[in-house]
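See structure below.
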Amino acid sequence: MAVLNSQISSVETGCKGVKVCNTLLYPRWTQLTKDEFDNNLCSQDITQSIVTTKLYLMAKPTFSTKRLRKKLIYWLLAENRREKEGPYHKETAHRQHPWWQVMCLTGVDYFSTLGYQPGIAALAAGALSPIATLILVLLTLFGALPIYRRIAARSPHGEGSIAMLEHLLSWWQGKLLVLCLLGFVATDFIITITLSAADATAHIIENPLTPHLLHDQGIGITLILIALLSFVFLKGFKEAIGIAVFLVAIYLLLNLIVISVGLYQIAINPAAIANWQTALFARHSNFFVLIGIAILLFPRLALGLSGFETGVTVMPLVKGSSSDTPEMPRGRIQNTRKLLTAAAVIMSFFLLTSSLVTTILIPTAEFATGGKANGRALAYLAHLHLGNGFGTIYDLSTISILWFAGASAMAGLLNIVPRYLPRYGMAPSWALLTRPLVLVYTAIAFVVTIIFKANVEAQGGAYATGVLVLISSAAFAVTLAAYRQNAAKGKLIFAIITLVFIYTTIVNIIERPEGIRIAAFFIGTIIFTSLVSRVWRSTELRVEQIEVDDTAHQYIVEESQGAIRLIANRRNEGDEIEYFLKEKEVREDNHIPPSDPILFLEITISDASEFANVIKVKGEQVGNYRILRAEGAAVPNAIAALLLYIRDQTGKIPHAYFGWVEGNPIQYLLRFILFGEGDIAVVTREVIRRTEKNPAKRPGIHVGG
C-alpha cells in the first residue's frame with residue numbers, strides 16, 4: 001500500500017507525474033509518443049487521471065504474465081526493419097576479405113569433416129579405405145572442382161548452383177526443382193548441425209579427463225551443444241571470419257602434427273604395413289579386383305565432398321580487383337576459383353593421409369560403435385602417440401571447429417530461405433524472421449539427434465545424400481549450360497562427371513536410404529508450406545515497379561482531362577475490327593456515353609510462376625484506338641497496379657471495365673494461381689481492396705454483360 005500511495009502521489013504532483021506513473025502502470029498509455037502524452041494526459045482533468053490510476057493499481061498487479069508474454073512475442077518477431085523491409089529478400093552489402101580468409105569460413109564446414117571422415121571411411125571400406133579415399137580425392141580434384149570453378153563464373157553474387165538451374169529451367173518446372181533442391185539443402189545443413197554436434201560430443205566423452213558420469217550422456221550433451229548454437233543465433237550472430245581463420249589454422253596444424261607422427265610410426269614399424277597388406281589381400285589377391293571393389297565402396301565416403309556449395313555461396317565476401325564491375329566481377333571470380341582450388345587440394349591431402357594412418361595404425365575393433373576411435377580416429381592417435389595433454393588440446397580444437405561448423409550450417413539455412421522463397425511468394429510470414437526460423441531448425445535438429453541417437457556413423461548416409469544431390473545438380477547445371485552453348489568437348493566431359501555423381505548418389509541412397517527419407521520429409525514440408533503461402537499471398541499487389549514510356553504517359557495525361565475509362569481486353573487479332581467490336585460491347589453494357597474517350601488495357605502473361613516483377617507499359621495505336629500494353633506475372637495484379645499508378649499520377653479515380661466470365665469458379669481459381677489469369681475482374685477488385693483500405697480512393701471496377 002505504501003508503494004501504491006507513493007505512485008499515486010507522483011500522479012498528484014502534476015502533469016509530469018501523470019506521464020511517469022501512467023507510462024509504468026497503464027499499458028495503453030505506453031504506446032503513446034512523448035507528444036501524445038503531453039497532448040492527451042496534460043489536457044485531461046488531473047482528478048480523473050488519479051481515479052483511473054487508483055482503479056488500475058487495485059485491479060492489476062504491477063507484474064503481468066500477459067505483458068511478459070507480449071514482450072516475449074515482440075522479441076521473437078523483432079527484426080532489423082532496414083534489412084527486412086518489404087516482402088522480398090534484398091541482397092545486403094558485405095565486408096569483403098582476402099580469398100584465403102573466406103576459405104577458412106567455408107573450411108569450418110569442409111575441414112571439420114576430418115573429425116569423423118577417417119572413422120566412417122574405415123567402417124565403410126575397412127582395409128580398402130585408403131584406396132577408396134584415393135578415388136574420392138580424384139573425383140574431388142577432377143570432378144567437383146572443375147564443376148564449381150565453372151559455377152563460380154556464372155554465380156558471382158553467391159547464387160550457387162541452385163540459381164543456375166533456376167535460370168536454365170523456366171516457368172514452374174524451374175521453381176519446383178528449386179523447392180526440391182532446397183529440401184536437400186535442408187538435409188545437408190541440418191545433418192551438418194546434428195552430425196557435427198554428435199562428433200563433438202564423442203570427442204568430449206572419449207577424452208580421458210572427462211568424468212565417467214558423462215560417458216552415457218551422449219544424446220543429452222549433443223542436445224546441449226545444439227541448444228547453445230541456437231542461443232547464439234537468437235542473440236544475434238555476425239559473420240566471424242577472424243574466428244574461422246583462427247580455428248581452421250589451429251585445427252589444420254594439429255592435424256598435420258598428428259598425421260606426421262602417424263606416418264613416422266608407420267615408417268619405424270614396417271609390421272603395421274605388412275598387417276595392412278595381409279588384410280587388404282585376404283579375400284582378393286587381384287589388384288584390379290580391389291580397385292573395382294573400392295569404386296563400389298567409395299560412395300560411402302562421399303561426405304568428404306562437402307564444402308563446395310558453401311564455397312560459391314560465400315562469393316560476395318571475397319575481395320576482387322579494382323577493375324571489377326557489379327555485372328562482371330572478374331577479380332572476385334578468379335579469387336573464388338583460388339579459394340575452391342586451395343580448399344580442394346588441402347582437403348585431398350588430409351583425406352588421403354588421414355585415411356592411410358588411421359587404417360594402418362588403429363585396430364579394426366576400435367572403429368566400431370563403442371570403440372575408442374569411433375567418430376574420432378585422429379583424436380585416438382593423438383592421445384595414443386602424443387599423450388593426453390596434446391590429445392586434450394586436439395579434442396578442444398576439434399570440438400570448437402565442429403561446433404562452429406554447425407554455426408556455418410545454421411547461417412546457411414537462415415540465408416537460403418530468404419534468397420528464394422519470398423521471391424516466389426512461397427514464404428510464410430515467419431520465414432523472413434530469423435528467430436522463429438532458428439527455433440524451427442533447432443527443433444528439427446533435436447528430433448534428428450534423438451532419432452539417430454547422436455550416432456555419427458548413422459547420420460553419415462543422410463549427410464552424404466544431401467551433399468551428393470547438390471553436387472549432382474551442380475554438375476547437371478554445368479552440363480546443360482555447355483549443351484546450350486554447343487561446346488562439344490565441354491558437353492562430353494561434364495556429362496561424364498555428372499553420370500559419375502549420379503551413380504554415386506544412387507548407390508548411397510540404396511545402401512543408406514535414411515538420407516532420402518529425411519530429404520523427402522523436408523521436400524514435402526517445403527512444397528506444402530510454399531504452395532499454401534503462394535495461394536494466401538496471391539491477392540497481394542505483387543509489383544516491384546511500373547515503368548511507362550512517353551506514348552503511354554501522353555495517353556494517360558490526355559485521358560485525365562475527363563473521366564479516366566480503361567477497357568480490359570484480351571488481344572486476339574489486334575486489328576481495328578476487334579477494338580471496334582469490343583468498344584461497342586462495353587459502351588452498351590455499361591452505358592458509357594459515346595463522347596467519353598476510352599483507353600484499351602492489355603496485359604500479356606510473361607512468366608506466371610514468378611511472383612513479382614517490373615511492369616513496363618507501352619503506348620500503341622491501332623487506327624483511332626489508343627492502347628496501353630504491358631507484361632506481368634498475373635493479369636489481375638498487373639491491372640490493379642496500373643490503376644493505382646494512374647490514380648496516383650493524375651489525382652483522379654480511374655474506372656476499369658470487364659466482361660463476365662462463365663464456367664466453374666474452381667477452374668478459374670486454379671487458372672489464376674497457375675497461369676495468372678482466371679476471373680480477372682473479381683481478383684482485380686480484391687487486390688485493390690487489400691491494397692487500398694479507403695473505399696473512397698479505390699479505382700472503380702465495372703463488370704457488364
Side-chain angles (χ1 to χ4, degrees), residues 99-122 124-125 129-149 151-152 188 192 195-196 199 244-245 247-260 262-263 298-314 318 335-359 377-379 394 397-398 401-402 404-405 408-409 412 460 463-464 466-468 470-471 474 497 501 504:
W99 66 265
W100 59 270
Q101 292 184 359
V102 183
M103 182 192 71
C104 293
L105 183 64
T106 66
V108 294
D109 178 14
Y110 195 17
F111 300 142
S112 67
T113 57
L114 290 171
Y116 45 82
Q117 168 74 8
I120 291 179
S129 174
I131 299 177
T133 302
L134 176 60
I135 297 173
L136 178 67
V137 165
L138 294 176
L139 185 59
T140 298
L141 297 177
F142 300 103
L145 181 58
I147 290 292
Y148 279 93
R149 283 174 62 90
I151 289 175
D188 183 2
T192 296
L195 188 147
S196 297
D199 194 51
V245 171
L247 290 177
V248 168
I250 296 298
Y251 185 66
L252 291 183
L253 176 62
L254 294 176
N255 274 284
L256 183 61
I257 293 173
V258 173
I259 290 173
S260 299
L263 293 174
F298 96 90
R300 301 181 183 180
L301 285 61
L303 73 169
L305 288 166
S306 67
F308 282 101
E309 190 70 28
T310 308
V312 291
T313 56
V314 299
V318 179
N335 287 336
T336 302
R337 286 175 168 174
K338 293 178 183 178
L339 180 159
L340 294 170
T341 303
V345 171
I346 293 172
M347 190 62 177
S348 295
F349 166 78
F350 280 104
L351 281 174
L352 193 56
T353 53
S354 64
S355 175
L356 186 65
V357 298
T358 54
T359 303
L378 289 174
Y394 182 87
S397 175
T398 305
I401 197 170
L402 285 168
F404 208 73
S408 174
Y463 185 27
V467 171
L468 285 171
L470 290 179
I471 295 181
I497 295 174
F501 279 118
T504 307

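These values consider heavy atoms only, across backbone and side chains, with no hydrogens, waters or symmetry-generated copies.
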How close do [X] and [Y] get, counting heavy atoms only, and between which atoms?
| X | Y | answer |
| --- | --- | --- |
| L105 | A244 | CA-CB, 3.8 Å |
| Y110 | A343 | CE2-O, 3.6 Å |
| T358 | P118 | OG1-CB, 3.8 Å |
| W99 | V318 | CB-CG1, 4.1 Å |
| L352 | P130 | CD1-O, 3.8 Å |
| S354 | L114 | OG-CD2, 4.1 Å |

Please name all residues satisfying side chain to side chain contact (heavy atoms under 4.5 Å, CB included) with [X], sequence neighbours left out, ordered by chain then number.
| X | value |
| --- | --- |
| D109 | T192, S306, T310, S408, Y463 |
| I497 | I147, I493, F494, F501 |
| A405 | S112, S196 |
| I346 | M103, F111, L252, F350 |

From [X] [atom1] over to [Y] [atom2], what is the distance, rounded to the nearest 0.5 angstrom?
| X | Y | atom1 | atom2 | answer |
| --- | --- | --- | --- | --- |
| L134 | I131 | CG | CD1 | 8.0 Å |
| N255 | I250 | CG | CD1 | 11.5 Å |
| R337 | L145 | CZ | CG | 10.0 Å |
| L254 | T398 | CG | OG1 | 7.5 Å |

Stepwise side chain to side chain contact (heavy atoms under 4.5 Å, CB included) test for W100 and L339: CA-CA 6 Å; W100 59 270; L339 180 159; over 6 Å; no

Mind checking side chain to side chain donor-acceptor pair (under 3.5 Å) for [X] and listing every partner two or more places apart, or none if nothing turns up?
| X | result |
| --- | --- |
| Y148 | E309 |
| T341 | R149 |
| S129 | S355 |
| T106 | none |

Could you go through I259 and L378, starting from their C-alpha distance and side-chain angles, then the distance that decides it, and tell me whether this counts as side chain to side chain contact (heavy atoms under 4.5 Å, CB included)? CA-CA 8 Å; I259 290 173; L378 289 174; 4.2 Å; yes

Check: M347 and T113 side chains under 4.5 Å, non-hydrogen atoms: yes

How far apart are the C-alpha atoms of V108 and Y251, what are their side-chain angles, what is the distance that settles it, and do they pass the side chain to side chain contact (heavy atoms under 4.5 Å, CB included) test? CA-CA 9 Å; V108 294; Y251 185 66; over 6 Å; no

CA sep, side-chain torsions, deciding dist, call: Q117, L351, side chain to side chain contact (heavy atoms under 4.5 Å, CB included): CA-CA 8 Å; Q117 168 74 8; L351 281 174; 3.4 Å; yes

